[in-house]
Amino acid sequence: MYYEENFVEEVRQRNDVVDVISSYVNLKRSGSNYVGLCPFHNEKTASFSVSPGKQMYYCFGCGAGGNVFTFLMEYENLTFVEALEQLAEQAGMELPAKSDSAADKKRRDMRDSILEVNKLAANYFFAKLKSDRGKTGYDYLLNRKIKPEIIVKFGLGFADKNSGELYRYMKSKGFPDAVLKETGLFTYDEKKGTYDKFWNRVMFPILDRNNHVIAFGGRVMGEAKPKYLNSPETLVFDKSRNLYGLNFVHGKQDSGMIICEGYMDVIALHQAGFTNAVASLGTAFTSQHCSLLKRYTDLVYLCYDSDSAGVKAAMRAIPMLKEAGISVKVIDMRPYKDPDEFMKGLSPEEFKKRIDNAKNSFFYEIDIIKNNYDMNDPESKTKFMNEVAKKCLTFDNEIERNNYIEAFAREYGARTEDFRKLVAYHSAKAVGIDYERRRQERFQNREDKKEDGIAKSQGIFLTWLSNDSGLFEVTKDIICAADFVDEPYHQVAEIMYEQYETNGRVEPATIISRFQSREEQTLVAGIFNKEVKAINKDSEQMKAVNEVVRSIKKYSLDYRSRHVTDIKELQKLIEEKKQLQTLQLTFK
């Protein structure tokens with residue numbers, strides 16, 4: 001570790017896990033815990049639980065879990081040290097001197113170097129745009145009706161036709177090729193040598209939520225291909241976790257956010273006063289984008305191009321946004337193709353009217369589906385009705401479903417009760433299909449390898465210990481940390497027993513901090529969040545405790561027996577096995 005354990009623990013204690021996570025996830029109180037929709041996978045029903053008592057989180061849907069460090073590591077794609085330093089800064093703590101060490105420091109240094117190169121590159125491109133050699137790019141932006149102050153706001157720049165100039169500039173600043181290769185700004189070719197990836201392009205710096213330049217997009221001057229070129233993914237840039245223009249969005253957006261397709265669309269909307277507009281970055285809209293948006297709003301307006309590609313993009317995005325718990329409306333820009341053209345042809349006031357009249361996503365989808373059917377043909381119209389009835393099943397809430405059934409029936413002149421029966425028919429059919437699918441899954445699961453029973457027992461018992469320290473006293477003469485043979489249970493048990501002997505209690509969040517990789521932290525978090533019943537200390541519960549302790553101890557004795565070489569030690573183990581048969585633990 002780069003920092004002493006005492007410092008790590010102080011940082012954790014001064015950053016309440018509920019406070020930190022609630023700045024990313026909408027949490028609601030539920031008993032002694034808080035729950036919300038998991039930011040790491042799409043879900044309709046909240047299975048993401050945050051425990052202020054344990055100072056940890058766990059998703060019972062996807063298994064993601066850990067403490068405040070783990071959350072930042074997973075959500076922000078940080079190393080343990082980076083997460084630690086960010087939380088220390090938030091808590092106003094001064095960082096102590098770090099010791100020299102390997103992989104994480106190397107990775108952190110590389111991230112810092114990439115960010116420094118990107119910052120210099122953004123300044124370089126911006127300066128180039130204002131120079132004589134950047135006149136082509138500057139005139140292009142002015143012809144696209146982009147105002148000078150907006151050019152400055154977005155830090156737009158220009159990469160001229162000299163494809164090696166940026167590389168030479170960075171080398172003059174002392175950056176080695178080992179760093180420059182990782183930035184995605186340069187192409188290394190054995191035959192052609194090293195040259196700039198971006199040349200003869202207007203440049204769009206991409207900033208993260210902390211205003212760090214993490215990547216670039218470039219629009220070519222002329223008719224060369226590709227028209228738009230984007231940075232590849234790097235240590236600081238993950239397309240699926242960033243949105244262009246998001247660095248200008250601050251706080252909860254109660255009026256919603258606008259999602260469009262390109263850089264120029266975002267810039268045109270911001271120039272018109274719609275500063276809640278963002279765009280995905282050279283990639284399809286993803287579930288991670290949905291989780292990111294959920295931090296800022298519960299309502300999204302889709303403002304994709306009005307061509308067939310834009311329609312397909314909207315149809316893909318709608319169900320993902322809904323699964324993330326976000327309401328969706330679709331803005332109709334016709335006869336214009338995109339927001340940029342719209343603003344040139346009409347006005348911000350007219351666009352506001354389009355927002356106010358944006359179509360509910362359900363009816364937008366219905367309109368698109370209707371295009372595949374001949375509504376004058378009874379057979380085709382019936383197929384359309386069946387398709388819409390299936391679409392109604394996507395509403396889990398019965399009241400909401402009935403509202404849409406009634407609205408659709410009014411819109412399309414159908415009898416409400418007849419259409420409701422059609423929906424019920426498809427619901428019953430879907431239940432039958434789902435039952436068969438689950439039956440086959442259960443059959444398949446029986447064929448699959450089952451979870452190791454002893455590993456499960458070790459995990460369950462560690463969960464009980466974390467919830468009820470009285471078990472330490474009840475079992476101390478029978479079982480100890482050494483009896484947890486499998487990893488990571490052995491290491492976790494050692495820390496837990498040490499904590500109890502020292503402080504008389506177990507602190508799961510502290511234990512998680514002893515593991516530095518995300519994978520280990522998630523695995524350990526799962527140990528403390530096994531879905532097991534609390535011990536009521538009645539006869540049935542104690543019977544379960546006895547069975548679990550007996551199985552762990554027997555496995556430990558068997559393991560030691562296989563590795564013992566001393567005959568006296570073997571005889572002792574055999575005697576312990578005999579005593580185990582009559583084991584009967586009780587609470588006093």
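When reading the values below, keep in mind they use all heavy atoms of this one structure, side chains included, and skip hydrogens, waters and symmetry mates. Treat the numbers as computed from the prediction; the structure is a model and nothing was measured.
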Worksheet item: Among all residues two or more places apart in sequence or in another chain, which pass the side-chain contact (heavy atoms from CB on, under 4.5 Å) test with Tyr167?
Response: Lys171, Asp177, Leu180, Phe186, Tyr188, Thr194, Asp196

Worksheet item: Which atom pair, heavy atoms only, marks the closest approach of Met320 to Phe285?
Response: CE-O, 3.1 Å

Worksheet item: Does some side-chain heavy atom of Thr463 sit less than 4.5 Å from a side-chain heavy atom of Phe461?
Response: no

Fill in: Nearest non-hydrogen partners of Gly256 and Tyr301, listed with the distance
CA-CE1, 4.5 Å

Practice prompt. Locate the shortest heavy-atom distance separating Val117 from Met170; write the atom from each residue and the value.
Written response: O-CE, 3.4 Å

Discussion item. I'd like to check Val50 versus Val17 (side-chain heavy atoms, cut-off strictly below 4.5 Å). Are they in contact?
Written reply: yes

Practice prompt. Check whether any side-chain heavy atom of Leu115 sits under 4.5 Å from a side-chain heavy atom of Val213, and report yes or no.
Written response: no

Worksheet item: For Ile478, does its backbone N or O pair with a side-chain atom of Lys553 as donor and acceptor, under 3.5 Å?
Response: yes

Worksheet item: Should Phe158 and Tyr124 be marked as a ring-ring contact (aromatic ring centres under 6.0 Å, His included) after you check the CA-CA gap, both sets of side-chain angles, and the distance that decides it?
Response: CA-CA 9 Å; Phe158 185 70; Tyr124 173 89; over 10 Å; no

Worksheet item: Do Lys54 and Asn67 come close enough that some side-chain heavy atom pair is under 4.5 Å?
Response: no

Worksheet entry | Considering all heavy atoms, the nearest Phe154-His270 contact | CZ-CG, 3.7 Å

Worksheet entry | Pairing residues for Tyr138 by the ring-ring contact (aromatic ring centres under 6.0 Å, His included) criterion, not counting sequence neighbours | none

Worksheet item: Is the NZ or CZ atom of Lys197 both under 6.0 Å from the centre of the six-membered ring of Phe216 and within 45° of that ring's axis?
Response: no

Discussion item. I'd like to know if Glu10 and Arg14 make a salt bridge, using a cut-off of under 4.0 Å between side-chain N and carboxylate O.
Written reply: yes

Item to complete: State, yes or no, whether a side-chain contact exists between Tyr24 and Pro39 at a heavy-atom distance under 4.5 Å.
Response: no

Worksheet entry | Residue pair Ala178 / Met110: nearest heavy atoms and the distance that separates them | O-CE, 3.7 Å

Item to complete: Evaluate the side chain to side chain contact (heavy atoms under 4.5 Å, CB included) criterion for residues Ser280 and Ile259: first the C-alpha distance (whole Å), next the side-chain angles of each, then the deciding distance (0.1 Å), finally the verdict.
Response: CA-CA 8 Å; Ser280 52; Ile259 310 298; 5.8 Å; no

Worksheet item: Phe274 versus Ile258: any side-chain heavy-atom pair under 4.5 Å?
Response: yes

Worksheet item: Is the shortest heavy-atom distance from the side chain of Phe125 to the side chain of Pro205 under 4.5 Å?
Response: no

Practice prompt. Keeping the roles fixed (side chain from His289, backbone from Thr286), state whether a donor-acceptor pair exists under 3.5 Å.
Written response: yes

Worksheet item: Would you call Arg12-Glu9 a salt bridge at under 4.0 Å N-O?
Response: yes

Fill in: Closest approach of Tyr58 to Ala525 (non-hydrogen atoms, all atoms of both residues)
CD1-O, 3.9 Å

Discussion item. Between Glu116 and Lys173 (salt bridge meaning N to carboxylate O under 4.0 Å), is one present in this structure?
Written reply: no

Worksheet item: Between Thr70 and Gln521, is any side-chain donor less than 3.5 angstrom from a side-chain acceptor?
Response: yes

Worksheet entry | Ion pair check, Arg505 and Glu507, cut-off under 4.0 Å | yes

Worksheet item: Does Arg111 come within less than 4.0 Å of Glu82, counting only side-chain N to carboxylate O?
Response: yes

Worksheet item: Are Gln458 and Tyr555 linked by a side-chain donor-acceptor pair shorter than 3.5 Å?
Response: no

